[in-house]
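Structure first, then comments.
Start at 1 with the first residue, then count along the sequence. Just so it is clear, the values below take in all heavy atoms, side chains as well, and ignore hydrogens, waters and symmetry mates.
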Amino acid sequence: MILQRIDYAILAAYFLAVLAIGWWLKSKVHSANDFLTAGRSIPVWITSLAFLAANLGAQELVGMAASGAKYGIMTAHFYWIGAIPAMLFVGLFMMPFYYGSKARSVPEYLALRFDEKTRAFNALTFAVMTLFSSGISMYALGLLLQSVLGWSFTASVLLAATIVLIYTFLGGLASAIYNEVLQFFLIVIGFSPLAWLAMKAAGGWAATTTKLPAPMTHLWTETGHAASNPMGVEVVGLIFGLGFVLSFGYWCTDYLVIQRAMASNSMSGARRTPVIAAFPKMLFPFIVIIPGIAAAALASSASGYVIPAKGAGLDYDQVLTSLMAHFYPAGMLGLGLVGLLASFMSGMAGNVTAFNTVFTYDLYQSYLKKGAPDRHYLFVGRLTTVVGVGLSIGAAYVAQRYNNIMDLLQLVFGFVNAPLFATFLLGMFWKRSTGHGAFTGLVGGTVAAAMTHGLTVAEGKGGWLGVVHQFPSTMAQNFWIAIVAWVSCLVLTTGVSLMTTPRPVAELEGLVHGMERMPADEGRPWYQRPAPLAVIATMAVIGLNLWFW
């Protein structure tokens with residue numbers, strides 16, 4: 001891949017733009033609340049795009065293109081059953097709890113609903129998860145700059161980390177959000193042409209279906225048995241593991257995305273944020289997955305394109321960049337690289353801003369130093385930003401062991417988000433659930449995830465406690481890890497709650513279903529109400545599933 005002057009000019013313009021956004025928003029940061037939560041002042045169209053873009057990091061672009069080449073159109077399940085239903089659910093039912101409770105973070109909501117030990121455990125596990133996610137973004141960006149510019153992996157990671165550190169240090173959460181909006185448009189502009197060019201070279205969708213095995217071009221017809229599709233999952237594991245546990249566990253409880261909706265300037269805006277974001281989300285498979293499917297079709301024919309190798313296998317994480325090198329001319333190559341850089345750095349920034357908020361409010365202020373002046377917490381928030389970036393660099397080297405970063409990401413979610421979703425379901429919809437039950441369930445669910453990973457093996461990973469079962473793919477293993485973790489947490493939380501004393505009902509106002517503060521939507525036009533928008537989104541996603549059945 002050879003860059004021309006125009007490509008370097010586009011890259012330089014992007015770097016200057018993101019730093020300028022940070023510098024511009026620096027003047028608006030006067031308190032820890034401004035730095036860590038953006039003061040709940042962001043318009044709904046900004047929070048909606050940021051809610052979507054927060055999930056458009058390196059994991060999304062590189063990982064989904066990689067999974068498209070590895071698993072085919074079945075990768076779209078991560079969108080059409082693995083995202084949209086949960087996004088609609090969190091907007092309709094869960095944002096009133098988050099936003100109405102005035103909690104500044106997801107762990108703080110757990111403290112209000114349950115107790116401090118539940119909050120502390122979730123804050124710690126979430127902090128670790130965000131560092132791994134940020135490290136994955138750094139790893140992918142390191143690979144990109146290494147392959148494109150010929151830089152060393154370490155130099156590439158350090159460059160990206162430095163730029164992210166500067167603009168998040170200056171503008172905090174608001175800086176990350178506005179850069180995510182910029183990132184959204186850059187991704188659409190940078191990668192829509194690649195999807196079209198790659199699929200055109202493969203002969204179009206009809207020709208692609210003849211070049212690839214049937215399981216790679218259908219969503220549901222080959223899910224009757226795990227051995228009949230490349231993802232190695234059957235319909236139960238797919239629907240329950242991905243469509244319910246992992247999906248709802250991520251979109252409904254992961255503070256990285258919830259934080260964007262909570263930055264909205266109103267309850268109505270917070271509820272509409274994930275619902276509005278669902279519409280462009282369901283179209284993104286055509287931008288990020290189709291190139292991977294086209295790559296698999298091209299590699300199977302005498303097209304001159306090959307998927308790069310990694311050891312004895314294929315390096316699916318290089319699919320996107322290799323397609324860019326194959327199809328993009330000067331100028332377009334620069335736009336594509338800017339789209340990738342934007343996704344990687346915004347992914348890092350999103351995780352780092354979520355990490356510094358949780359650490360500052362849920363760990364430092366709650367357990368280490370209470371009652372300090374606001375300027376002290378602002379200082380700690382900025383210092384934590386520096387530390388978070390440094391720890392993320394270390395996590396980037398862990399990601400090197402995987403040939404598909406989506407596999408690693410789903411594993412991390414299975415450990416953290418899957419049991420947490422069970423805790424939230426019971427906490428929000430069952431007044432009888434207790435703090436002792438929630439804490440026991442979270443710990444037990446995480447341990448169950450570790451045990452499942454330790455006793456099973458897939459593609460050479462896991463089995464560190466022994467092997468009692470072998471999965472056909474890492475993704476199938478991840479789905480069942482999530483299922484076991486969720487069920488374990490649900491059972492343990494229910495059992496312990498029934499044996500312990502619940503909080504008085506009067507203390508649960510605004511925290512459980514039936515006692516939340518719902519905004520009055522009567523009199524608003526239909527496009528300003530979350531429920532009608534959710535109905536339209538549901539009909540659209542059903543249509544997409546039927547189209548690729």
- Before giving the answer on side chain to side chain contact (heavy atoms under 4.5 Å, CB included), spell out for Phe126 and Asn417 the whole-Å C-alpha distance, their side-chain angles and the decisive distance to 0.1 Å. CA-CA 8 Å; Phe126 176 79; Asn417 292 100; 5.9 Å; no
- Task: Could you please spell out the steps behind the side chain to side chain contact (heavy atoms under 4.5 Å, CB included) verdict for Phe284 and Met64?
- Result: CA-CA 10 Å; Phe284 257 80; Met64 287 300 178; over 6 Å; no
- Walk me through it: do Val257 and Trp251 pass the test side chain to side chain contact (heavy atoms under 4.5 Å, CB included)? CA-CA 7 Å; Val257 291; Trp251 291 101; 4.1 Å; yes
- Message: Please evaluate residues Ile276 and Trp45 with respect to the criterion side chain to side chain contact (heavy atoms under 4.5 Å, CB included), reporting the C-alpha separation (whole Å), side-chain torsions for both, the decisive distance (0.1 Å), and the verdict.
- Response: CA-CA 8 Å; Ile276 293 173; Trp45 76 271; over 6 Å; no
- Item | ring-ring contact (aromatic ring centres under 6.0 Å, His included) assessment of Phe421 paired with Phe244 | CA-CA 10 Å; Phe421 178 53; Phe244 182 64; 5.3 Å; yes
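One N or O on the side chain of Thr75 and one on the backbone of Ser67 form a donor-acceptor pair closer than 3.5 Å. Using a distance-only test at 3.5 Å, with no hydrogens or angles considered, no donor-acceptor pair links the side chain of Tyr79 to the main chain of Leu283. In this structure, the side chain of Ser192 does not engage the main chain of Ile189 through any donor-acceptor pair within 3.5 Å. Put simply, the side chain of Arg272 never gets that close to the backbone of Pro530: no donor and acceptor are under 3.5 Å apart.
Screening residues 237-252 for salt bridge (charged side-chain N to carboxylate O under 4.0 Å, His left out) gives no qualifying pairs among residues at least two apart or on separate chains. Within the structure, salt bridge (charged side-chain N to carboxylate O under 4.0 Å, His left out) contacts touching residues 236-251 (residues at least two apart or in different chains) do not occur. Among residues at least two apart or in separate chains, salt bridge (charged side-chain N to carboxylate O under 4.0 Å, His left out) pairs with a member in residues 179-195 are Glu180-Arg260.
Put simply, the side chain of Pro193 reaches to within 4.5 Å of the side chain of Tyr328, judged on heavy atoms. Proximity of Met324 to Phe191: side-chain heavy atoms (C-beta onward) are separated by under 4.5 Å at one or more points. Phe185 has its side chain within reach of Leu49: a pair of non-hydrogen atoms, C-beta onward, lies under 4.5 Å apart. Counting only heavy atoms from C-beta outward, the side chains of Leu131 and Asn351 never approach each other to under 4.5 Å. Using a 4.5 Å heavy-atom threshold, the side chains of Leu544 and Met282 count as touching. Contact check for Met332 versus Leu335: side-chain heavy atoms found under the 4.5 Å cut-off.
For Lys281, the salt bridge (Lys or Arg N to Asp or Glu O under 4.0 Å) partners are Glu60, not counting sequence neighbours. Shown here are the ring pair (Phe, Tyr, Trp, His ring centres under 6.0 Å) partners of Trp547, two or more places apart in sequence or in another chain: there are none. Partners of Ile21 under the side chain to side chain contact (heavy atoms under 4.5 Å, CB included) rule, at least two apart in sequence or in another chain, are Leu25, Ser175, Tyr178, Asn179, Leu182. Thr221 pairs by the side-chain hydrogen bond (donor to acceptor under 3.5 Å, both in side chains) definition with nothing, not counting sequence neighbours. Considering only residues two or more places apart in sequence or on other chains, Thr357 meets the side-chain hydrogen bond (donor to acceptor under 3.5 Å, both in side chains) condition with Gln259. Remark: Phe548 engages Trp80, Trp205 in a ring pair (Phe, Tyr, Trp, His ring centres under 6.0 Å) (not counting sequence neighbours). Scored by the side chain to side chain contact (heavy atoms under 4.5 Å, CB included) test, Pro85 finds Phe248 as partners (sequence neighbours excluded). Every side-chain hydrogen bond (donor to acceptor under 3.5 Å, both in side chains) that Thr47 has, sequence neighbours left out, goes to Thr273.
With rounding to the nearest 0.5 Å, the separation of CZ in Phe415 from CG in Asn478 is 9.5 Å. Atom CG of Leu533 and atom CG of Leu92 lie 9.5 Å apart (nearest 0.5 Å). Atoms CG and CE, from Leu298 and Met199 in turn, are 8.5 Å apart once rounded to the nearest 0.5 Å. Atom CZ of Phe479 sits about 9.0 Å away from atom NE2 of His77, to the nearest 0.5 Å. Rounded to the nearest 0.5 Å, atoms CG (Leu333) and CG (Leu194) are 10.5 Å apart. The distance from atom CZ of Phe355 to atom CE of Met129, rounded to the nearest 0.5 Å, is 12.5 Å.
The two atoms that bring Gly68 and Ile293 nearest to each other are O-CG1, 3.7 Å, heavy atoms only. Here the shortest heavy-atom pairing between Leu323 and Pro291 reads CD1-O, 3.2 Å. Heavy-atom minimum distance, Ala354 versus Thr130: CB-CG2, 4.4 Å. Contact between Thr208 and Ala202 at its shortest, heavy atoms only, is OG1-CB, 3.6 Å. Nearest heavy atoms, Ala86 versus Cys252: O-SG, 3.9 Å. Scanning both residues, Ile393 and Ala161, for their nearest heavy atoms gives CD1-CB, 3.9 Å.
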Result block: side-chain N/O donor-acceptor pairs under 3.5 angstrom for residues 165-173, not counting sequence neighbours:
residue, atom, partner, partner atom, Å
Tyr167, OH, Met345, O, 3.4
Thr168, OG1, Val164, O, 2.7
Thr168, OG1, Leu165, O, 3.4

